[in-house]
**Q** 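I have a structure here, written as structure tokens, and I will follow up with some questions on it.
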Amino acid sequence: MNMRSKIGFIGAGLALALAGCNGSSSGTATAGGGNATAANNSSLPLVAFSQANSQDPWRQVFDKDTKAEAAKYTSDMQFEEQEAEDDVNKQVGVIDTFMVKKPKVLLVSPVTEAVQTEVEKAHDAGEFVILLDRSVPGTKWDVYVGGDNMAIGRQAGDQMGKLLNGKGTVLMIRGTADAKPTKDRGNGFMESMKKFPGIKVIVGDDCGYQRGKAQTFMENFLQQKQPFDAVYAHNDEMAIGAYQAMKAANTPKKVIIGIDGCQKEMIEHIKNGDIDATFMYPDPGPKGVDIADDFLKGKKPTDKNIFLPTEMVTKDTADAYEKEHPNLAG
Amino acid sequence: MSRLLNRMNTLQTVQRYQGLVGLLLLFIAAFFLSKDFFTSDNWVNVLKQVAIPGTLAIGMTFVILTGGIDLSVGSHLALINVIVAAWLKHGTGLGETIAYSLFIATTIGAFIGWIIGATKLQPFIVTLAAMVTLRGIAYVYSNRTMISGFEDKLGGFQQSYFQLPVSGWILIFTTILSGVLLARSIFGRHVYAIGGNQEASRLSGVPVNKTRIAVYALNGLCVGLAAVLFTARTNNGAPSAGLGYELDAIAAVVVGGSSLVGGIGNVFGTFLGALFIVCINNVLQLGGVDTNIAQGWKGLIILLAVYMQNLGRQ
């Protein structure tokens with residue numbers, strides 16, 4: 001191949017690659033596993049969803065449920081979703097780009113409160129703004145739908161107190177230090193602990209809601225030979241990480257409680273008795289899409305803040321829970 | 001012989017303007033994917049989005065031209081981001097805060113450049129260490145929380161003048177100044193010389209270590225600028241900010257036609273490269289294409305760009 005034909009070949013490849021994007025959008029829509037569901041009927045009002053990230057298992061279930069719900073309303077709306085890789089700057093860009101397409105409804109699951117300015121901009125531009133899972137300060141948005149992390153933290157604390165009979169030491173493995181759910185899940189738990197003066201809480205490291213980090217943290221913690229009776233992790237991934245570290249070190253059984261209840265793996269652990277309980281962190285996506293559809297039909301919800309209830313999963317309720325939630329992550 | 005020369009010229013021209021070639025192809029794709037791409041609203045939007053990765057990529061161009069690399073820019077951005085936020089929250093004036101944070105950013109850059117020269121370690125290793133260290137400092141400095149509550153003190157950066165956002169203007173000026181510096185100054189010639197052949201430049205009297213320190217200092221200054229723009233855009237300071245931004249910056253430089261080996265490239269190409277990458281994201285989102293599929297295309301396009309750079313240079 002000579003030089004010029006090489007250039008031609010590359011140019012053609014590039015052109016094909018870019019042109020190919022067009023075809024792949026419809027592919028995603030039918031596959032349903034992707035982030036964007038491009039509807040063909042462009043005359044329908046656009047409902048745009050800016051997701052914080054599509055990586056962690058809870059968000060994957062959130063995405064799946066949201067898309068499934070939107071699929072019920074294909075005659076009312078065009079639904080599109082973009083994730084922001086947990087980066088505020090990227091999310092601001094995603095929302096700016098959505099605004100070019102002038103959506104009627106904007107669903108936002110904020111990366112952090114820092115998207116407030118952008119949310120306000122969309123609201124000022126006349127879009128109906130629905131916040132999912134995480135809220136932002138101020139009042140320039142229309143509806144918030146999410147779980148109540150404080151309440152979940154309190155219930156987790158109550159269950160912990162019950163399982164330990166009000167006595168012992170709990171290691172709390174924390175999520176991302178600067179995130180609001182971390183604070184709420186921690187504070188709610190500590191509030192409940194006031195009822196159990198016999199329980200001591202060791203505040204563990206920020207393990208970023210990641211299994212690997214929690215596992216490493218637990219391995220190091222076990223090296224310190226500090227006695228403890230239970231682990232409270234701010235999410236299931238970290239609870240599993242801690243469990244794996246303890247299992248590898250042949251640590252005698254401890255009480256373990258997690259939060260989220262969105263993974264089959266966690267439910268299996270609960271069935272096996274490895275882990276004691278998890279609290280479902282409700283997925284706000286379907287409710288958000290319902291509200292969007294109501295809005296398109298001229299109906300607005302009466303409450304500005306909608307808190308979805310949690311559900312405790314234990315060995316006794318695990319089977320029923322699994323049947324009730326068919327979309328659990330793999 | 002003349003036919004061969006002719007071919008080489010065509011190749012070099014394409015290599016030199018490959019960012020532009022890419023952009024043109026992208027425009028054609030956009031024509032089929034989404035008409036919204038061509039609205040002026042969207043162009044303001046694209047310029048706002050390109051300002052931060054673009055400014056980082058301009059700084060990175062200096063570093064890459066010397067044959068170096070800087071993996072620490074994402075963490076560095078996070079540190080300056082929390083510093084700017086903390087100072088503004090504390091009530092320091094806007095001008096002082098910006099001047100102070102740009103100074104810190106430049107000093108950190110210069111220090112990294114000095115370490116590379118002093119230890120004779122590869123830039124990859126030194127900046128990898130800096131990436132970890134600076135992230136840690138950002139977390140400690142911010143006390144592991146986000147810093148917000150300085151109202152809208154940086155709001156000016158979000159406004160538009162002459163149809164373009166201030167952040168876009170800053171990128172344009174940074175690009176032009178850097179371009180002039182590289183093309184018209186002795187310093188610029190030294191930068192290219194070091195990237196071409198470090199040992200030969202040292203023997204012929206180029207102050208290699210001093211030039212390297214200046215290059216990393218300029219890169220630091222660009223990181224500082226990007227961090228100020230980042231703070232203006234997000235209106236808070238987050239120690240977890242800027243994760244993976246070094247890779248976006250490197251990608252923009254490479255797509256823009258610079259060689260990772262050093263000595264070849266320029267900042268105007270980088271500007272186009274950064275614009276190209278932001279436009280890919282933008283076009284794919286407007287066209288309703290899956291984000292992760294978009295990532296796949298981006299990877300493929302970067303690979304093609306590097307392949308083209310290597311043609312005729314073995």
Side-chain angles (χ1 to χ4, degrees), chain A residues 2-4 6-7 10-11 13-15 17-22 24-25 27-29 31 33-39 51 54 78 80-94 96-102 111-118 137 176-179 183 206 208, chain B residues 4 7-8 10-11 14 21-22 25-26 28-29 32-34 36-37 39 41-42 45-46 48-49 52 139 142 144-146 148 152 155 158 230 233-236 238-244 278 280-294 297 300-301 304 307-308 311-312:
Chain A
N2 68 24
M3 207 60 86
R4 189 168 295 174
K6 266 189 188 168
I7 295 173
I10 290 165
L14 203 58
L18 293 168
C21 303
N22 200 5
S24 60
S25 69
T28 343
N35 280 331
T37 315
Q51 173 67 291
S54 293
Q78 265 192 95
E80 279 183 23
E81 176 181 345
Q82 284 286 324
E83 65 137 331
E85 294 164 43
D86 249 340
D87 180 329
V88 182
N89 177 36
K90 286 196 179 133
Q91 186 160 43
V92 170
V94 164
D96 267 341
T97 305
F98 270 143
M99 282 171 69
V100 173
K101 300 175 84 169
K102 308 213 174 358
V111 172
T112 67
E113 293 181 356
V115 289
Q116 183 187 359
T117 325
E118 188 63 20
T176 317
D178 54 4
K183 285 173 189 150
D206 164 357
Chain B
L4 185 69
R7 269 183 212 161
M8 289 304 286
T10 323
L11 178 65
V14 176
V21 175
L25 288 170
L26 191 64
I28 297 169
F32 295 104
L33 273 170
S34 171
D36 293 320
F37 180 74
T39 60
D41 266 6
N42 190 46
N45 169 29
V46 162
K48 275 186 191 164
Q49 289 178 22
I52 295 162
Y139 269 100
S142 63
R144 294 165 195 85
T145 59
M146 291 199 293
S148 55
D152 209 14
Q158 297 295 85
F230 186 95
R233 190 164 157 84
T234 62
N235 225 1
N236 86 345
S240 57
L243 271 178
V278 167
I280 296 182
N281 285 333
N282 180 262
V283 168
L284 294 178
Q285 185 186 343
L286 288 175
V289 177
D290 182 294
T291 335
N292 302 113
I293 290 180
W297 288 122
L300 192 69
I301 287 160
L304 274 169
Y307 179 68
M308 284 192 66
L311 285 181

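Here is the naming used below: chain letters follow the sequence lines, and residue numbers restart at 1 for every chain.
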**Q** Give, as side chain, backbone, both or neither, the part of B:D36 having an atom under 4.5 angstrom from any heavy atom of chain A.
**A**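 Its backbone and side chain both get close to chain A.
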
**Q** Do you know which of A:V92, A:D206, A:T176 has the most heavy-atom pairs with chain B at a distance under 4.5 angstrom?
**A**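 Winner by heavy-atom pair count: A:V92.
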
**Q** Please classify the contact of B:T39 with chain A as side chain, backbone, both or neither, using a heavy-atom distance under 4.5 Å.
**A**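 Looking at B:T39, just its side chain touches chain A.
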
**Q** Going by the rule ring-ring contact (aromatic ring centres under 6.0 Å, His included), which residues pair with B:F37 if we only count those two or more places apart in sequence or in a different chain?
**A**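 Listed in chain order: B:F27, B:W43.
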
**Q** Report which part of B:N235 has an atom under 4.5 Å of a heavy atom belonging to chain A: side chain, backbone, both, or neither.
**A**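 The answer is the side chain of B:N235.
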
**Q** Using side chain to side chain donor-acceptor pair (under 3.5 Å) as the criterion, list what pairs up with A:D87, not counting sequence neighbours.
**A**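 B:Y245.
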
**Q** Against chain A, label B:I28 side chain, backbone, both or neither, depending on which of its atoms sit under 4.5 Å from a heavy atom there.
**A**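 For B:I28, neither part sits under 4.5 Å from chain A.
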
**Q** Got a second to check how far B:N42's CG is from A:K101's NZ, nearest 0.5 Å?
**A**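 Answer for the CG-NZ pair, B:N42 versus A:K101, is 10.5 Å.
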
**Q** What residue, out of A:D86, A:T112, A:V115, has the most heavy-atom pairs lying under 4.5 Å from chain B?
**A**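 Result: the option with the highest number of such pairs is A:T112.
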
**Q** What is the minimum heavy-atom distance between A:D96 and B:Q49, and which atoms define it?
**A**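 Nearest heavy atoms, A:D96 then B:Q49: CB-NE2, 4.2 Å.
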
**Q** Would you mind telling me which of B:N45, B:N281, B:D41 makes a side-chain contact (heavy atoms from CB on, under 4.5 Å) with A:T97?
**A**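 The side-chain contact (heavy atoms from CB on, under 4.5 Å) with A:T97 is passed solely by B:N45 among B:N45, B:N281, B:D41.
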
